[in-house]
Every structure is written in C-alpha cells, then in structure tokens.
Amino acid sequence: MSSLGKGDSEQMVPDINRNRVAEILQQLVRIPSINPAFPGGTGEAELGRYVEEFLLRLNLPAERQVVAEGRFNVLGTLPGRSQRKLLLEAHMDTVQTIGMTIPPFDGTIEGGKLYGRGACDTKASLAAMLAAIEVLALAGIRPEVTIELAAVVDEETTYIGVSALAERIKPDAAEYIGAVVGEPTGLDIISAHKGCCRFYVDVNGIACHSSNPALGINAIDQTSKVLSFVNELHERRYPQRAHPLTGPPTVCVTGIQGGVAPNTVPAHCRITVDRRTVPGEEPLIVYEEMKRELEELAGAEGLELTVSEPFVIDYAMETDQKEPIVRYLLTATQTYEPQAIIRGAAYCSDASKLVRVAVPSVVFGPGHISEAHTQDEWIELIQVEQAVCALRDLILNVKTI
Ligand SMILES: [Zn+2]
C-alpha cells in the first residue's frame, strides 16, 4: 500500500504505514463509546478526548463543541492554502454490546481483520480520516483546501451531534466544497440515501370476556385491517415511486402491542410504523398522506383509530453526481479499489443534515453495512488502508473551483 501514492505528479505524496493505520483503529475500538441511549451506554467523551489529543499532538487546532451535558463533538483543522473547505465527518458513538460473541473492546487482529464493537460502524472511517490527516500533517503539507475534521456524537439515535455541527456550518456553507461522511459503504460513494418517518397507530375496540367475544370489539382483529392496508401500500403503490439510486419508498410495521389477559378481548392495540422516504419526498407530507388514508380506511371499515404525531423524522438526501466532491472522491478511490461505484443506500446517515444546510455531501468508508451492529463486528484492514489512501489523495488533489 505504501507505494500507491497517486497525487499530483509535482506534489509529494507521503506513504501510508499500514501498521500505524491498524494501531489507530485499535486504539479507537479499545475506548468504549456506546451511545448513552443504549444499554451500557458510556457516552462518547473518552473517545472525544482521544481525538482531541490526537489533533493537538500534531499541532493542529482542536475544539470541543458541546451539544449536551458531557457530550461534545471534536472539530479539528488541517490548514490549507485557501478558505475553501472540505469536511471529513464521522460519528463516535456505537450501539450496545449485548449478545456479542467476541470481546467488544479488545480490538483483536486476526486474519487481516480487526474485531470489536464499532470496528466497522464507524471507527474504521474515523481511523482512516485521522490517519490521512496525520500523514499529511507530519509531512508538513498544506493542501489547496482547508480540511476540517468533525468527530461527532449521537448518530445512532437522534443526530444531535451532526445537527449542532450543521447549525454551526450553516452561515458559511458556501465555503464548503463538500463533505465526506464516514460510514461503511464498502468504499462505494453514496450520493443518495433514504430518510424515514416513524409514528404509532392506536386502534381501539371494546373489551369483554373472551368466552363470548361477540360482545366486544377485538382491537387486535381490527388492527389486522391496518396491517393489510400498510402491506398494500408497500407492495402495490410504492414500487411506482422508485428513485433511480435508492429504489422505492418502503413501509413496514416494526412493533405491535395489544391485549391485557388471555381471557379478555383486547380493547386496545398499538402498532409502530416505519416509513422510509426517498429523495424528493418530504417526510411530513408523506406522513400527512398516510394519516389521511388511514383515517379514510377507518371510515370505510368502521375502525376507531388515531395516528400519533411522528416521533422520528429524518430526511432523505441526494447530491448531484457532477459535484466536485463526488468526482474527486470517485477518482481517488478507484485508484485503490477499481470496483468502487457511485450508488444509493437505504439507510439514513449524518449526511442528510449537512445536505440540508447546502453542503454537498457523500457517504463513504471501509466495511459493509451488513457487518455493522453484529455479534462479531469486524473490519477488513486492507479496506481501511485503501480508504486512507483515497482520503489522502482526495485531500491532495481537490481543487478550489
Ligand atoms: Zn454508523
């Protein structure tokens, strides 16, 4: 890997040391940073301090952006020769470790893989960004654009980290050529992804003794009509709204609660609805549409139901493939991974919050989403090295125009 530098021919391209890349990732994995919303949640503060010290040791400015009590983003800068900026962003939090079949915080390396909670999602991306910045800082390189690093909190639940970052960027968004948001994409460049809207539907019936169910109205039976309607939307209507990169919107029921006793006809049943939106769909409009249709269904079928306000709204995102950030990153990545492509994704990420303040953003990083949040989470180290090389070349080659 060390000889793969492909920056501008007249520019020095510092080598990447694969052992150092693995060492940085191992250090990140060994610091627990479970989102406090999850069981065993430690918060991200210790990892934030690591990133801060990492930057300060390189004599780079590092700043804490406090977003909640005990929770802060760390913002660093690799100064460039212009005011134009390139943002490298990755989240520090991970999901819980319950049920893991490997030691979650050992960072064991075996067979070219590094194991641990967050190894794939998304400490490998953060390690790649840190390693690229380190090698350029140690070589005394001042790139044409100023590089900002943001290690943020709370991607796995409510996005308070990136939301605070986006608010800060908003007045100066025009200075940004773009942002690379670290997530496991298998080194593909994600230029569009879905958003989501989640809400509850409560269906009411009339309780009675289950020895004579005809005396009541079974709320679970009534809910089955709502389930059929939701499946109808998913299977028949939404495929016609497919987006070329993300595929069609989807909807599914992700929770159900009902019944109080084995011998009582239930008077109440609640379902959780998860509607995934595609670029171009406004989640609140989508929500209003579903609410209206569910109420029409209730009228037609004689159901008594209420649709809650959404408890999660997240936006889909799309960045024009002609944006310089997309082109430069694709070129840089294909040097090391010729199979890398531009594509869409079904999941949500921090990128949509940056796109909403007009920073052209892509999602990019080593590892595959199918390896994230797993019992034996791991990352292939070769992909992390390829990501470091791609980010280094992106930083060296990206132009201010
Ligand atoms: Zn992630």
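Source: prediction; values computed, not measured. Whatever order the structure lists ligands and atoms in, that order sets their numbers, starting from 1.
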Q: Any chance you could measure R275, atom CZ, to M290, atom CE, to the nearest 0.5 Å?
A: 7.0 Å
Q: Look at the N, O or S atoms of E156, main chain and side chain alike, and state whether any lies under 2.8 Å from the Zn ion (ligand 1).
A: no
Q. Strictly under 2.8 Å, is any N, O or S atom of E183 next to the Zn ion (ligand 1)?
A. yes
(Q) Between E295 and K291, does any side-chain N to carboxylate O distance fall below 4.0 Å? (A) yes
Q. Do you see a donor-acceptor pair shorter than 3.5 Å between the side chains of K123 and S33?
A. yes
Q) Any idea how W378 and Y115 line up, ring-wise: parallel (<30°), tilted (30 to 60°), or perpendicular (>60°)? A) tilted
Q: Looking only at N, O or S atoms, find the one in D121 nearest to the Zn ion (ligand 1) and name it.
A: OD1
